[in-house]
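These figures come from a predicted structure and were not determined experimentally. Computed from heavy atoms alone, side chains included, the values below leave out hydrogens, waters and symmetry copies.
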Amino acid sequence: MKFRPRIPRPTGRGRPPVVAATLGVAVLATLGLSGPAHAKETYPFQNPRLPLKTRVDDLLKRLTVDEKISLLHQYEPAIPRLGIKAFKTGTEGLHGVAWSTDIHNNGAVVTANGTVFPQAVGLASTWNPALIQKVGSAVGDEARGFNSENPDVWGLQLWAPVVNLLRDPRWGRNEEGYSEDPYLTGAISTAYGSGIEGPDKDHLKAAPVLKHYLANNNEVNRDTTSSDLRPRVKKEYDEKAFSPAISADAATGVMASYNLVNGRPNTVSPDLNDVVRSWTKRDLLNVTDAGAPNNLTGSEHYYATQPEADAALIKAGLDSFTVDDTNGGPTTAAVKSALDQGLLKQSDLDTAVSHILSLRVRLGDFDPDGGPYAKIDKSVIDSAANQALARQTADQAAVLLKNAGNALPLDASKTKKLAVVGPLEKTLYTDWYSGSLPYKVTPLDGLKEKLGSGGTVSDSEGADRIALKDVKTGKYITAGTGASGAALKESATSADTTAQFDAFDWGQGKLTLRSVANGKYAGRYNWGDTVVNDQDQPNGWFVQQMFSLEQQSDGSYLLRYAGYETDESWYGDNKYLKAGSDGTLTLTTKSGASHFSKDVISSGADEAVKAAKGADAAVVVVGSMPFINGREAHDRTTMALAESQENLIKAVRAANPNTIVVVENSYPTTLNWEQQNVPAILWTTHAGAETGHALADTLFGDSDPAGRLTQTWYRSDGDLPDILDYDIIKSNRTYLYYQGQTLYPFGYGLSYTTFKYDRLNVSQSSGKVTATVHVTNTGKRAGDEVVQLYTHQRTSRDKQPVKQLRAFQRVHLAAGQTKTMHLTFKVSDLAHWDVTRDKDVVESGAYDVLVGASSADIRQRGALQVHGETIPARNLAAPTRAVDFDDYQGVHLVDETKVRGDAVGATDGNWVKFADASLGSGAATFTASAAKAGAGDGSIEIRLDSPTGPLAGTATVSSTGDVYKYATTTAALQGAKGRHDVYLVFHGDLRVSTFSLK
C-alpha cells in the first residue's frame, strides 16, 4: 500500500506524509549518510571485547558538541572521521516488519513486503507467550534481513509493541494493543520484545520500544486532551502494562504519547526518568512520537519557545526527536540555543547521547564485523518457516464465541456444498501498521482448498451492485477500464459495466465504491477535485476512498465525498459531487451538488441468499476495513456491526439454518442478535496472508479453537462511560470492576471439546503462591484449554477489583488426558497502591483463589490467608497531597508545575474525600497550598463525613495571578476530632497541591 502524494497531514504518530520537508536532506548527505558498512577497529569504542560503558564513555568523549546534538534527531547522520555510519530510529514492527521512511526520497514511506502476523490484539488472543516469543524472533530476523538490504531505510530500533491498555473498546487503535488487563499485556509484550531482541541482552537482534507512555486511549484531540490518572489508577493499572517488559529487559525504551496526563504533556513527563528508568539497570533510549516536540509550542501551548520545549524534553528523559520529518536542522538549532541560554547543561546532553550510543553498541553498530546478527540477510524475509509460524499463530488466535448444536467443526467428508459470503470473503485487508502481503489466502481460498475437488463452493460478497444516474441529464456515472482507472464522469446512457459499482457499507453511512470496470476503488485523486477509480484498497492517512449516499426528500441521492480530511477544521465546504460541463465529477458544495437516482443492478443480500440456499453450510464473513473502522486518529462511536452486514447475516440465516458467522475485525462488537439466532460465531483479527488457511483449519476442526478474548465484550454502547473517563475504578470499567452482564466476558472462548477441573490445592511458601489443579479433557477429541487463575480480596480499606488475573497457562490435552497444572504468583502481586502512605501494600486478610476457563467461568475455588499490613487511619496532620484522595466529584487533576507534581483542579461545588482520618483530640488549623489564577477570592470548606456534613472551617484562597503560583492559606477548625471522613469542598476556580489538618 503506497500513497499517492498528499499534502502534509497534521502532526500525528502515523506514517509521515510522502511530501515530507526536504530542508536538511542535502546537509545530512554531505555528512556521509550511508557511511561505511563496517568500521575497522581503531578506537576503544569499536572493540567488542570491552564493557559497554567503557565503549560508550570512549565515544562520548570523542564527539564534538555539534556531533552530539546531531545524534538527537531520528535521522542520525554518519560521522566519517570516527567511522560511524548513519543510524535511524523508528521502523514500525507491530505484527511483522511494517514500514519505514526513506531519507533519500524526502521521507517517503517504504512498506515492507514480508511476513504479516495477526494484528496485535490477535497475538494476545492466543494467550501463548511462548508462541509470541517465536513471532517476535521472526520479526527481529526479518528486521535484520531488511536492514541488510537498505540500512538507511530499515533501522533496527523497532517502534513496537503497543502496550496501552484496551480499557475502552471504542478506541480507534484497539487493533494495536493486547488487552484490557495489565498482567496479560505484560506477559505478551515481554514475550514479543524478548523474541525481537534475541536471547543475549548485550547483543540485540533488534531493539523494541514500547508505545505509547502513558494513558493514551483516545484519538480525537489526542494531542490536547488530558487523561486524569489518580494515583491508584496510574500505579495499579497504566504503569503495570509498561513495567514488565522493561523490568525483564525485553524492551529498550518507551515512546512518549501525544496526550497530557494530569495536565502535563507526556513529552515532558518526569516519569520518563523517575519511573520508567527505575524499572531496569540498563540504559533506555526513549523517543518522541512524530512531531510531538513541536506540539509543546504549537497545539499544547505549553512552552513559549522551542529551545525551552526541547530542553525540558531532554531533561525529562527523552533522547531522540522524531520531528520535522527528515530535517534535523530545527532540532539542532533549538538544542544549541538551549545550551547557549543555560536552559540545558552539557551533562544533560551527554546523558541523552549516552543512551543513544549504548543502544547502538548493543546492536553491534560500532563492532568491526557488525555484531553477531550482521550475517542475517534477506533470505529470512517471508521464509517458509515464518509462513508456517504465521499460520500457526492465526490458528491459535481465533476465538469461538458460540457453537450451538455442535454446528462446528464442519465435517469435510459430509460437507459437499459450501456457501462463503460476505464483504470479507475474498479479500484480505492490511492495516496502518502492517506491511504488504507477499501472497494472500482469503477465506474463500482457504475453504475451497480445504473442501478440495470433492465439493463445490458458491460465493458472494453480499454487496449491492449499483449505478448512479443524474436525474437532470439522465446519464450514468462511469469509470475507467484500465488498471489506473480514470476520472469518474457522466457519460453512459445505460448502466453497462463501466457504470456499475459494488457498494460496501462499513457503518455509519460510510461506503466504498469499487468499480466493476477495473476492480479498483474510487477515491479523490491527488488532492484535486476529481475522483478516480485507481486504488486496490482504501488507504492513506485520510482514507480518500469513502463516500456517503444521502437520500433527499424527493427520493434522489446526493453523493458526498467522505474522506477523513473532510472532518478536519481546515477543510472547506466542497464535500459533494457534481457533473461539470464535460460530465466529469468534481467536488462542490451541497447546494451545487448533482442529484442522482440509485439503480440496484443486483442486491447483495439476494445474491448471498442465492449462494446460501441448499448449501450444507453457509459461512458469512463480515467485519471491518482497518483503514476506515477505527484506527489511528479516529475512534469508533459505536460497537455495532455495519447495518447492511447485520442485515446480510439475517438474510442468510433465514435462507440456511446452518449459518456460521465469521467476524473478522479488531475489537469487541455488539453481536446480540447473532448470539441469540446464529448457530456458530467465530472471531478473528485481520490475521495476515494465512487468514484463509487459519479459518479453514478452525472451521473444519484441524485446529481446535483455543483463542480467548483479551477484553470485555459489552452488550451495548450504553454500558460504557465517556471515552475520556480514565478512572476505571470509579467508573467500574473493564472486567476488573464492571458489574453488569456482558455479552462475552474477559478470557472467554469455546473449544470443540470439554474440560473438567478438579483437586485445586493452594499453597504458600517464601512469598510465592502455587495453585495446583488437575485439568482433564473429557471430550472425544484433542484440544487446547487456557487455564486462568484470578484472585479476589475479600476485605480491604479500598475498593478492590471484582477479580484480577494473576496467572494463566495454555495447555494441550489429548482426549481423556489429565494434566496437573501449577499456576504461580507472588504474594507481592496482591499489592495495591496505598494513597495514605504513597506506597504499595499487601493487606492482611483472606483472598479468594479462582481457577477456571474465563473470568466468568470459575471451576475451582480456594482461599489464601495473607499476613501483610493493616492500613492505618489517615494522618492528615502530615502534609498530604491533594491528589491522594479516596473519592471525588467534578475535580480534574492538573500539573502542579511544568516540571513535576500533580495537583487538584476544582471549580464551584467540586469535592475530594479523604477517608478514615484520625483527627485525635482535635485538629485546630487547616493549612493548604493553593493557586488561583483568576481575580477575586475562592474558598475551601472542610467538612466531616459528607460533602454537606458538619462544617469544620473555611479557608479563603486569594488570587495568586497564575496557575503555577501557590500561596499558603489557613483556617481555624472547630469540631474536627476523632475519626472521620474529611471532605474538601471547593468554591471558585482553584488548584490545590497539599494540605494538612493540625
With distance as the sole criterion, is a donor-acceptor pair present between the side chains of T659 and N656 under 3.5 Å?
-> no
Is it the case that S666 and Q119 place a side-chain donor and acceptor less than 3.5 Å from each other?
-> yes
What heavy-atom pair brings A608 and S460 nearest, and what distance separates the two atoms?
-> N-OG, 3.6 Å
Decide side-chain contact (heavy atoms from CB on, under 4.5 Å) for Y433 and V162; before the verdict, give the C-alpha distance in whole Å, the side-chain angles of both, and the deciding distance to 0.1 Å.
-> CA-CA 11 Å; Y433 285 101; V162 171; over 6 Å; no
Return the set of residues passing side-chain hydrogen bond (donor to acceptor under 3.5 Å, both in side chains) with D717 (not counting sequence neighbours), or none when no residue passes.
-> T638
With sequence neighbours left out, the residues meeting side-chain hydrogen bond (donor to acceptor under 3.5 Å, both in side chains) with E142 are T115, N386
Between the CD atom in E92 and the OG atom in S100, the distance rounded to the nearest 0.5 Å is 8.0 Å
Listed by chain and number, what are the side-chain hydrogen bond (donor to acceptor under 3.5 Å, both in side chains) partners of W683, not counting sequence neighbours?
-> N665
Would you check, one step at a time, whether the test salt bridge (Lys or Arg N to Asp or Glu O under 4.0 Å) holds for K450 with D697?
-> CA-CA 8 Å; K450 185 68 69 177; D697 289 342; 3.4 Å; yes
Work out which heavy atom in E664 is nearest to a heavy atom in P443; give both atom names and the distance.
-> OE1-CG, 4.1 Å
Decide if atom CD of Q552 counts as having more than 12 heavy atoms of other residues, nucleotides or ligands within a radius under 6.0 Å.
-> yes
The ring-ring contact (aromatic ring centres under 6.0 Å, His included) partners of F700 (sequence neighbours excluded) come to none
side-chain contact (heavy atoms from CB on, under 4.5 Å) between F542 and E568, intermediate numbers included = CA-CA 10 Å; F542 290 111; E568 301 290 339; 3.9 Å; yes
Any residue meeting side-chain contact (heavy atoms from CB on, under 4.5 Å) with D573, in chain and number order, not counting sequence neighbours = T589
Under 3.5 Å: donor-acceptor pair, side chain of T669, backbone of L671 | no
Out of curiosity, T698 OG1 to D395 CG, how far, rounded to the nearest 0.5 Å?
-> 5.0 Å
Sequence-distant partners of E565, side-chain hydrogen bond (donor to acceptor under 3.5 Å, both in side chains), two or more places apart = R524, Q544, Y561
Taking side chain as C-beta onward, heavy atoms only, is Q537 less than 4.5 Å from T430?
-> yes
Any donor-acceptor pair under 3.5 Å from T586 side chain to D529 backbone = no
Heavy-atom side-chain contact between L720 and P169 under 4.5 Å | yes
Residues passing the salt bridge (charged side-chain N to carboxylate O under 4.0 Å, His left out) test with R514, sequence neighbours excluded, are E461, D502
Enumerate donor-acceptor pairs with a distance under 3.5 Å from any side-chain N or O in residues 610-618 to protein atoms, sequence neighbours excluded.
from: D616; atom 1: OD2; to: K416; atom 2: N; distance (Å): 2.7
from: D616; atom 1: OD2; to: K417; atom 2: N; distance (Å): 2.9

In terms of side-chain geometry, is the basic nitrogen of E632 or R222 positioned less than 4.0 Å from the acidic oxygen of its partner?
-> yes
Nearest-0.5 Å distance that lies between atom CG in N672 and atom CD in E646 = 8.5 Å
Closest non-hydrogen atoms of A499 and A467, given as atom of the first, atom of the second and distance, are O-CB, 3.3 Å
Side-chain contact test, heavy atoms from C-beta onward, threshold under 4.5 Å: evaluate it for Y667 versus M639 and give yes or no.
-> no
Residues Y476, D496; criterion side-chain contact (heavy atoms from CB on, under 4.5 Å); working and verdict | CA-CA 9 Å; Y476 287 90; D496 61 17; over 6 Å; no
Taken in chain and number order and not counting sequence neighbours, the residues that satisfy side-chain contact (heavy atoms from CB on, under 4.5 Å) with D582 are T584
Shortest non-hydrogen contact from L558 toward A593 = CD2-CB, 4.1 Å
Contacts of Y521 that satisfy ring-ring contact (aromatic ring centres under 6.0 Å, His included) - sequence neighbours left out = none
Under 4.5 Å between any side-chain heavy atoms of E490 and F596, yes or no?
-> yes
Evaluate the side-chain proximity of I660 to L410: yes if any heavy-atom separation is below 4.5 Å, no if none is.
-> yes
With a 3.5 Å cut-off and no angle check, do the side chains of T478 and S491 form a donor-acceptor pair?
-> yes
From H95 atom NE2 to T685 atom OG1, the distance as rounded to the nearest 0.5 Å | 8.0 Å
Nearest heavy-atom neighbours spanning T670 and A640 | OG1-CA, 3.3 Å
Test side-chain contact (heavy atoms from CB on, under 4.5 Å) applied to A503 - qualifying residues, sequence neighbours left out | I466, L513
Modelled atom types, side-chain donor and acceptor of D567 and H634, under 3.5 Å = no
Is K520 reaching over with its side chain to a backbone N or O of A483, donor-acceptor style, under 3.5 angstrom?
-> yes
Is E176 reaching over with its side chain to a backbone N or O of A120, donor-acceptor style, under 3.5 angstrom?
-> no
Is there a donor-acceptor pair closer than 3.5 Å between any side-chain N or O of N106 and the backbone N or O of A108?
-> no
Kindly indicate whether the side chain of F146, heavy atoms from C-beta on, has any atom under 4.5 Å from the side chain of V153.
-> no
Nearest-0.5 Å distance, CG of residue L418 to CG of residue L451 | 6.0 Å
Carboxylate-amine/guanidinium contact D470 K472, below 4.0 Å = no
Does E149 reach the side chain of W154, with side-chain heavy atoms less than 4.5 Å apart?
-> no
Could you tell me whether the side chain of D431 and the main chain of F627 form a donor-acceptor pair under 3.5 Å?
-> no
Donor-acceptor under 3.5 Å (N533 side chain, G480 main chain) | yes
Do L401 and V663 come within less than 4.5 Å of each other through their side chains, counting heavy atoms only?
-> no
Sorted by chain and number, sequence neighbours left out, side-chain contact (heavy atoms from CB on, under 4.5 Å) with L511 holds for D505, L549
Could you tell me whether the side chain of D102 and the main chain of H104 form a donor-acceptor pair under 3.5 Å?
-> yes
Go through the steps to decide whether T326 and T101 satisfy the test side-chain contact (heavy atoms from CB on, under 4.5 Å), and finish with yes or no.
-> CA-CA 9 Å; T326 61; T101 52; 5.9 Å; no
Could you tell me whether K578 atom NZ has more than 12 heavy atoms of other residues or ligands within 6.0 Å of it?
-> no
Q500 side chain vs A495 backbone, donor-acceptor pair below 3.5 Å = yes
Smallest heavy-atom separation, A655 atom then V609 atom, equals CB-CG1, 3.6 Å
Between CD1 of I628 and CZ of R636, what distance do you get to the nearest 0.5 Å?
-> 14.0 Å
